[in-house]
2 protein chains.
Amino acid sequence: MSSEPVPPPPWRRSANKSARPHLSVATIVAAALRVMDAEGLDAVSMRRVAQDLGTGAASLYAHVRNKQELHELILEEVFRGLEVPTPDPRRWQEQLKELIGQTTRIMLARPGTAQISLQTMIPMRPGTLAAMDATLGILRCAGIPDQIADYAADALALYGTAYAYEASLWPSSEAGQAEARRRITEIEEYLSTLPADRFPHLLAMMRRPFHEENGSERFEFALDIFIAGLAKYADPGLTE
Amino acid sequence: MSSEPVPPPPWRRSANKSARPHLSVATIVAAALRVMDAEGLDAVSMRRVAQDLGTGAASLYAHVRNKQELHELILEEVFRGLEVPTPDPRRWQEQLKELIGQTTRIMLARPGTAQISLQTMIPMRPGTLAAMDATLGILRCAGIPDQIADYAADALALYGTAYAYEASLWPSSEAGQAEARRRITEIEEYLSTLPADRFPHLLAMMRRPFHEENGSERFEFALDIFIAGLAKYADPGLTE
DNA sequence: ACCTGAACACCGTTCAAGT
DNA sequence: ACCTGAACACCGTTCAAGT
């Protein structure tokens, strides 16, 4: 009457193996993306991802340095879909707008990636480097001096990322959106309570329909303004 | 031979009371700011702040709804120091630059506040509302139409905040900075390993001294470009 | 080389109980 | 009304032990 646990028969063992493939960076990133898409970036913890793979958190550390690296690998995976144009100096403004717009759309489509991008001080992987290289390419091709191109590419990437991050904070659930609208009403009531000269301009703005514009109007406007300001550094000989 | 614990004598009790004043929103926020300045925003947890006040985390919930609200109260406290100008239409560009610069400097001086600001989707407290109202004031005073002023104020605040956030990621410890430099060298080596046509523009940029500019040059440049692009919406009759 | 369970030192928030 | 300890359901990361 031994009380030792019965070991599983060998065919069970191999069945398990084929049902859940070996851990690898690829399977881990895939699981992390699944978790992020379903439950948001906050849920992409080492423990939660490991759970999705039927193992413990410690097992992931053989393939990934830490959580920050796992998040960066998600960003890289998402940016693989980026399509970069061949620079045409006469169309630099449209190309720039389209490229920054595309990176922003990619991040908006996967809420969570904008936050990773913002947290990743130094981009170190091909996907994100490709986006930066392409932006620089368009600017330099238009004859914009390197120093200016460098600063402009940095500012454009930062603004696009911050815009996507802010947009991705907007709750996706019906309940969350109702709560957000409630908070906006709350502050409108608060503003109209105050003496009229406390925040006169916010008050004046409130009389226009609040937050009613088309989703990307804000973003496009800011981009247009910045590109207009940038245009004076382009070389008219190249851009006609 | 009783084993009951001896109660503290009454004068000890009152000595304790004066040494650690009653909890209040003000004392909690002050403690939170102390923790943030000393150990960064990540350390500003309910438990850590409560510990600093000699109590348990649960006690804070009588004064503060949750951690997010505590963070917002830190932001509010920090923005109390903001000085807003009286708009002068002929100096709107300088005033705008100075105001956005000031908000950004405030956030840079207290690493952690930029992250809170970015996470606080809807600003709901006097300090942050004052900054937005002042920005709108300068723009409207220059004759910029309300819709444009709204978008521009939004973009300027977002860029300033994102810039401060990115800057605040830069490690403050000597060891952290060395590590960051090591990572930059790593990616430079990686780039020069690749075929020259993979990231040609990043490679070209690398030959210029990397990250060597004055701290706020990038920021000022982006602001100037945006304001230049904005200028065409100002009313020349007002701004001369 | 790869994987594991257990442990360590943390989280935010709730709740019944006390004053 | 305010405060408390304990509990619940989580974290990231390390490490000795297994295969």
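Hydrogens, waters and symmetry mates play no part in the numbers below; they use all other heavy atoms, side chains included. Predicted, not measured: the structure shown is a model, and the values here were computed from it. Residue numbering restarts at 1 for every chain, and letters A, B, ... go by the order of the sequence lines.
- Which of C:dC11, D:dC2, D:dG12 sits closest to the side chain of A:Y61 comes down to D:dG12.
- Rounding to whole angstrom units, CG of residue A:L60 and C1' of C:dT4 are separated by 12 Å.
- As rounded to the nearest Å, C:dC8 and D:dC11 have C1' atoms that lie 12 Å from one another.
- One finds no side-chain N or O of B:H63 lying less than 4.0 angstrom from the OP1 or OP2 phosphate oxygen of D:dA1.
- Nucleotide C:dC11 holds its C1' atom 13 Å from the CD atom of B:Q51, rounded to whole Å.
- In summary, A:R218 and B:D150 engage in a salt bridge, as defined by a charged side-chain N under 4.0 Å from a carboxylate O.
- The distance between atom CG of B:L41 and atom P of C:dC11, rounded to the nearest whole Å, is 13 Å.
- Note: B:F226 and A:F226 fail the aromatic proximity criterion, with ring centroids not under 6.0 Å apart.
- Rounded to whole angstrom, the span from the CD atom of A:E69 across to the C1' atom of D:dT13 amounts to 14 Å.
- Atom-to-atom, NZ of B:K67 to P of D:dC11 comes out at 14 Å; the value is rounded to the nearest Å.
- The shortest non-hydrogen separation linking B:A114 to B:M107 is CA-SD, 3.8 Å.
- If you measure from atom CG of A:D42 to atom P of C:dC11, you get 17 Å, rounded to the nearest angstrom.
- A:E186 and A:R182 are joined by a salt bridge, as a carboxylate oxygen and a charged side-chain nitrogen come within less than 4.0 angstrom of each other.
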Worksheet, complete the sentence: Writing each nucleotide of DNA chain C 5' to 3' as (, ), [, ], | or . by Watson-Crick or G-U pairing under 3.5 Å yields ||.|||||...|||||.||

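- Listed here is the closest heavy atom pair of A:L202 and B:D133: N-OD1, 2.8 Å.
- Going from the P atom of D:dA9 to that of C:dA9 covers 23 Å, rounded to whole Å.
- Here the closest non-hydrogen pair linking A:I122 and B:A180 is CD1-O, 3.8 Å.
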Considering only nitrogen or oxygen atoms on both sides, find all protein atoms under 3.5 Å from nucleotides 5-9 of chain D and state each distance.
none

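- Side-chain atoms of B:A57 lie closest to C:dT13 of the nucleotides C:dT13, C:dC11, D:dC3.
- Taking the ring centroids of A:Y159 and B:Y159, they lie at or beyond the 6.0 Å cut-off.
- With salt bridges taken as basic N to acidic carboxylate O contacts below 4.0 Å, none links B:R125 and B:E77.
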Worksheet item: Going through the checks in order, is the salt bridge (Lys or Arg N to Asp or Glu O under 4.0 Å) test met by B:E98 and B:R105?
Response: CA-CA 10 Å; B:E98 159 52 22; B:R105 279 194 304 276; 3.4 Å; yes

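- Between the C1' atom of D:dC11 and the CE atom of B:M46 lies a distance of 17 Å, rounded to the nearest Å.
- Between the CG atom of A:L53 and the P atom of C:dC3 there is a distance of 10 Å, given to the nearest Å.
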